[in-house]
Amino acid sequence: IFGSGNDQWVCPNDRQLALRAKLQTGWSVHTYQTEKQRRKQHLSPAEVEAILQVIQRAERLDVLEQQRIGRLVERLETMRRNVMGNGLSQCLLCGEVLGFLGSSSVFCKDCRKKVCTKCGIEASPGQKRPLWLCKICSEQRELFYFTIYRVEPSVFL
């Protein structure tokens, strides 16, 4: 997202660029067509309007998605700032004492720190040796997989 306030705009993807080139509405791409070929591909005003509506809707969805990702990033940063333990004798997140006299603990597979079972997330339930993640690493995976692959993180576990 570029700009601020009401003047925000999103860089269009290749499909949107090709449509804009066909509509001659800016941000066009070079198509290597002759003028005669371009005249044959003339769109009706209704088609132009329908395509523009689709592009505008896609741009609005892109803005909403960028805002959602921004909220996820902010939430992750807040969790990192608010850690209370050392990840060895205390739960990394809540600071609760771990071990014989304290809560049971699990190791986070990604950061290799100890967390209590309340602050850990079992990422592969039902297996002989379950995979545990702390909430920070779980959120980080979710953010990575959603922004890069647009799929659920469990697909890659």
Side-chain angles (χ1 to χ4, degrees), residues 1-85 87 91-95 106-113 115-127 130-157:
I1 300 176
F2 302 96
S4 61
N6 292 335
D7 296 332
Q8 290 184 341
W9 56 275
V10 176
C11 185
N13 61 32
D14 291 339
R15 191 179 111 253
Q16 291 168 338
L17 286 173
L19 288 172
R20 284 178 182 267
K22 193 174 261 190
L23 295 173
Q24 298 175 353
T25 60
W27 288 5
S28 64
V29 294
H30 188 67
T31 58
Y32 299 107
Q33 291 181 336
T34 65
E35 190 63 35
K36 188 176 181 182
Q37 288 172 321
R38 280 189 214 123
R39 274 191 238 123
K40 287 181 182 178
Q41 295 178 348
H42 183 69
L43 298 172
S44 72
E47 291 172 322
V48 169
E49 183 62 30
I51 291 170
L52 285 175
Q53 287 176 358
V54 169
I55 290 171
Q56 290 169 350
R57 187 172 54 235
E59 288 172 349
R60 285 192 304 270
L61 289 174
D62 284 344
V63 167
L64 291 174
E65 182 67 10
Q66 290 298 323
Q67 290 171 346
R68 186 184 74 80
I69 291 170
R71 287 190 302 272
L72 285 173
V73 168
E74 181 61 33
R75 185 170 143 193
L76 181 60
E77 291 303 316
T78 301
M79 287 173 60
R80 285 184 178 146
R81 280 192 305 267
N82 294 332
V83 296
M84 300 179 76
C91 173
L92 178 68
L93 299 172
C94 69
V106 292
F107 274 103
C108 172
K109 181 187 182 303
D110 289 354
C111 69
R112 309 299 294 163
K113 302 282 183 174
V115 293
C116 66
T117 53
K118 292 180 288 190
C119 294
I121 295 172
E122 191 174 354
S124 59
Q127 299 204 1
L131 170 72
W132 286 85
L133 296 171
C134 68
K135 287 181 183 177
I136 293 174
C137 292
S138 175
E139 291 280 327
Q140 190 168 329
R141 276 189 180 198
E142 181 178 343
L143 181 64
F144 175 77
Y145 288 120
F146 276 132
T147 56
I148 302 299
Y149 300 110
R150 306 249 188 231
V151 296
E152 293 288 335
S154 60
V155 170
F156 293 97
L157 293 178

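These values consider heavy atoms only, across backbone and side chains, with no hydrogens, waters or symmetry-generated copies.
- For the residue pair Cys91 and Cys116, the shortest heavy atom distance occurs at SG-N, 3.3 Å.
- When all heavy atoms of Trp132 and Thr117 are compared, the pair lying nearest together is CZ3-O, 4.1 Å.
- Leu76 approaches Ile136 most closely through the heavy-atom pair CD1-O, 3.5 Å.
- Partners of Arg81 under the salt bridge (charged side-chain N to carboxylate O under 4.0 Å, His left out) rule, at least two apart in sequence or in another chain, are Glu74.
- Residues Gln140 and Arg80 are in side-chain contact: their nearest non-hydrogen atoms beyond the backbone lie under 4.5 Å apart.
- Atoms CG and SG, on Asp110 and Cys134 in that order, are 7.5 Å from each other to the nearest 0.5 Å.
- Remark: Ile121 CD1 to Arg141 CZ distance equals 11.0 Å, nearest 0.5 Å.
- In this structure, Ile55 CD1 and Gln53 CD are separated by 11.0 Å, a value rounded to the nearest 0.5 Å.
- Not counting sequence neighbours, Lys109 has no partner by the salt bridge (charged side-chain N to carboxylate O under 4.0 Å, His left out) test.
- In this structure, CG on Leu143 lies 11.0 Å from OG on Ser138, to the nearest 0.5 angstrom.
- Summarising the geometry of Gly120 relative to Val115, their closest heavy-atom pair is CA-CG2, 3.9 Å, with the distance given to 0.1 Å.
- Residue Pro130 comes nearest to Glu122 through the heavy atom pair CB-OE2, 3.1 Å, listed as atom of the first residue, atom of the second, then distance.
- Counting all heavy atoms, side chain and backbone alike, Leu92 lies closest to Cys111 at CD2-SG, 4.4 Å.
- Distance check: Ile69 CD1 to Leu64 CG gives 11.0 Å after rounding to the nearest 0.5 Å.
- With rounding to the nearest 0.5 angstrom, the SG atom of Cys119 is 5.0 Å from the NZ atom of Lys135.
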